Every structure is written in C-alpha cells, then in structure tokens.
Amino acid sequence: MNIHIITVAPELLESPFSHSIMKRAQDKSLLNIQLHNLRKWAINKHAQVDDYQYGGGAGMVMMCEPLASAIDELQQEKKFDEIIFMTPDGDAFNQHTANQLSLKENILIICGHYKGIDQRIRDTYITKEISIGDYVLSGGELAAAVVVDAIGRLIPGVLNDETSALFDSFQDNLLAPPVYTRPADFRGMKVPEILLQGDQKKVEEWRYEQALQHTKDRRPDLLKGDE
Ligand code: ADE
C-alpha cells in the first residue's frame with residue numbers, strides 16, 4: 001500500500017512511522033509512506049501557503065493554489081483510491097473505516113492547519129473527510145499518524161501473527177477481553193483458572209463472554225450497532 005501525506009510539518013510525522021510495527025511494515029515493503037512538504041508548492045518565495053479568511057475572523061486558511069498544485073502533481077504519478085482530509089468536522093474514524101481503507105492500494109492524506117483548508121479544495125478534490133475525535137488538534141498530522149497506524153497494522157503480513165488483528169477491540173463491535181501473562185499468581189491475584197487448563201474451546205467461550213460483558217459495561221452503544 002502507498003500512503004502519501006501532504007503537510008506543512010513533515011517533521012511531526014517522521015517519528016511515528018520510524019519505529020515498531022510501522023517501521024517493520026515499511027522495511028518489508030508492505031507499506032510505503034511518503035511525506036510531502038506543502039511549502040514546496042508555496043505561492044511565493046516567502047513559502048506562503050495560507051492567507052486571511054474572507055469575511056474576517058481569526059485564523060489563517062490554507063490556500064487553494066499550493067494544495068491544488070501539490071495534489072495535481074502527485075496525481076500525475078498515481079491514481080489515488082481516496083484523497084482524505086483530516087478535520088475535526090469529518091466522519092468519526094473507527095475500526096470499520098480502518099478495515100475498509102486497509103484494502104486500498106493508494107491513499108493521499110491532506111493535513112490541515114490553522115483554520116483549515118479553502119472549501120473549494122474540499123469540494124473538488126477530497127473524497128473522504130476523517131475526524132479522530134470530538135476535540136481540536138493544532139493540525140491534522142497527529143490525526144493522520146493515528147489513521148495510518150490503524151490502517152497499516154491491518155495490511156496482511158504486517159503483524160507477525162496475522163490473526164491477532166482479528167481479535168482486536170472493535171472487530172465484531174466488541175471490546176477485547178482481559179489478557180494475562182506470567183506469573184499465574186501475582187501478589188495473591190490469580191489468573192482465571194480456565195486459562196490455565198489447556199481447553200482451547202472453553203478459553204474461546206470464556207473470552208467471548210468476557211468481551212461481551214466488558215462491552216455491555218463500558219460501551220453498550222457498540223452492541224446496538226450505533227457506534
Ligand atoms: N485536525 C484537527 N483536529 C482534528 C481531529 N480531531 N481529527 C482529525 N483531524 C483534525
């Protein structure tokens with residue numbers, strides 16, 4: 001999968017993709033992430049990419065020309081399956097969207113800054129708008145890192161044990177059951193007996209019941225299907 005990201009702060013995105021599972025995915029050539037500094041397409045020698053908003057009001061708006069030039073140039077080399085804008089007023093990101101995006105071949109992500117991007121870019125180029133939660137970040141970069149991480153780990157071959165993503169929280173709309181490792185007795189707190197008995201069928205049943213109860217307690221909305 002190829003993920004291109006247009007940003008005014010590429011440094012913000014370097015670290016999240018340089019470690020652990022995201023690094024391994026790139027080392028194995030399962031994931032190719034390319035960061036593009038929007039200032040490369042700035043309108044003048046002052047590296048300007050934003051301007052005051054029409055109608056007045058605080059906050060700068062990212063201009064049409066740099067974004068359009070950047071997207072046009074990248075589109076000449078690749079046909080993107082999705083052009084995503086990270087924005088707090090986008091559709092709420094969830095595991096279902098991560099699953100869907102993990103099946104795409106080429107994705108372009110635009111990170112907003114300041115007050116956002118000119119509406120005309122949203123109207124003409126953007127195919128999907130994503131929010132990672134009901135709060136405002138200072139830019140779309142951290143949100144893009146969250147989305148890329150959630151997608152990247154789903155690409156077949158990225159996780160060592162591919163089945164492990166299947167049992168993540170939110171797959172099947174259930175939160176994950178509790179997990180335990182050694183020792184079996186920690187300061188008098190014992191690991192549930194059923195996990196020690198070696199009966200895999202019983203373990204699976206126990207895990208399912210725990211996941212269901214955990215979801216009922218914490219996120220009953222997931223069980224109603226209205227995530
Ligand atoms: N940019 C700023 N805040 C954001 C959010 N909550 N989700 C996605 N992009 C954002």
Side-chain angles (χ1 to χ4, degrees), residues 1-18 21-22 31 33-42 47-55 57-68 70-71 74 80-104 106-155 168-170 175 218-219 221-222 226-227:
M1 174 187 280
N2 300 296
I3 301 182
H4 289 245
I5 304 177
I6 297 175
T7 165
V8 288
E11 321 76 41
L12 267 178
L13 284 166
E14 274 155 20
S15 176
F17 303 140
S18 307
I21 291 171
M22 289 304 106
L31 179 61
I33 299 172
Q34 289 190 38
L35 305 177
H36 304 281
N37 192 334
L38 182 64
R39 296 201 193 277
K40 187 177 152 198
W41 293 275
Q48 186 180 357
V49 293
D50 60 337
D51 211 337
Y52 296 102
Q53 55 177 315
Y54 280 121
M60 306 292 271
V61 174
M62 286 166 73
M63 305 171 81
C64 286
E65 288 101 327
L67 282 167
I71 299 170
L74 297 177
F80 293 102
D81 304 305
E82 295 282 4
I83 302 182
I84 299 171
F85 176 46
M86 302 308 309
T87 175
D89 63 348
D91 296 332
F93 187 59
N94 57 24
Q95 193 63 44
H96 177 68
T97 310
N99 291 345
Q100 282 185 329
L101 291 175
S102 74
L103 302 173
K104 309 281 182 191
N106 299 301
I107 291 176
L108 176 59
I109 300 179
I110 317 287
C111 300
H113 251 257
Y114 323 112
K115 264 281 173 229
I117 66 175
D118 191 296
Q119 184 61 35
R120 290 165 290 184
I121 294 293
R122 294 173 76 158
D123 293 342
T124 50
Y125 286 98
I126 304 298
T127 61
K128 204 173 194 57
E129 301 191 328
I130 293 181
S131 162
I132 63 157
D134 290 343
Y135 40 80
V136 179
L137 301 166
S138 37
E141 286 75 14
L142 298 182
V146 166
V147 168
V148 171
D149 189 292
I151 299 171
R153 62 194 294 287
L154 295 172
I155 299 169
D168 283 346
S169 279
F170 303 112
L175 299 182
R218 292 203 169 176
R219 293 291 306 275
D221 56 303
L222 291 178
D226 57 346
E227 304 149 62

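Not measured: the values here are computed from a predicted model. All ligand and atom numbering here is 1-based and tracks the order in the structure.
Considering Leu222, Asn94, Asn99 in turn, Leu222 is the only one that fulfils the side-chain contact (heavy atoms from CB on, under 4.5 Å) rule with Phe170. Across Glu65, Met63, Met62, a single residue satisfies side-chain contact (heavy atoms from CB on, under 4.5 Å) together with Asp51, and that is Met63.
No more than 12 heavy-atom neighbours from other residues, nucleotides or ligands sit within 6.0 angstrom of CG on Asp134.
Around ligand 1, the residues contributing at least one heavy atom under 4.0 Å from the ligand are Met86, Thr87, Pro88, Ile130, Ser131, Ile132, Gly133, Tyr135, Val136, Leu137, Gly139, Gly140, Ala143.
A distance-only check finds no donor-acceptor pair linking the side chain of Thr97 to the backbone of Phe93 [under 3.5 Å].
A donor-acceptor contact under 3.5 angstrom links the side chains of Glu141 and Thr7, judged on distance only.
Remark: Arg39 does not engage Asp50 in a salt bridge, criterion side-chain N to carboxylate O under 4.0 Å.
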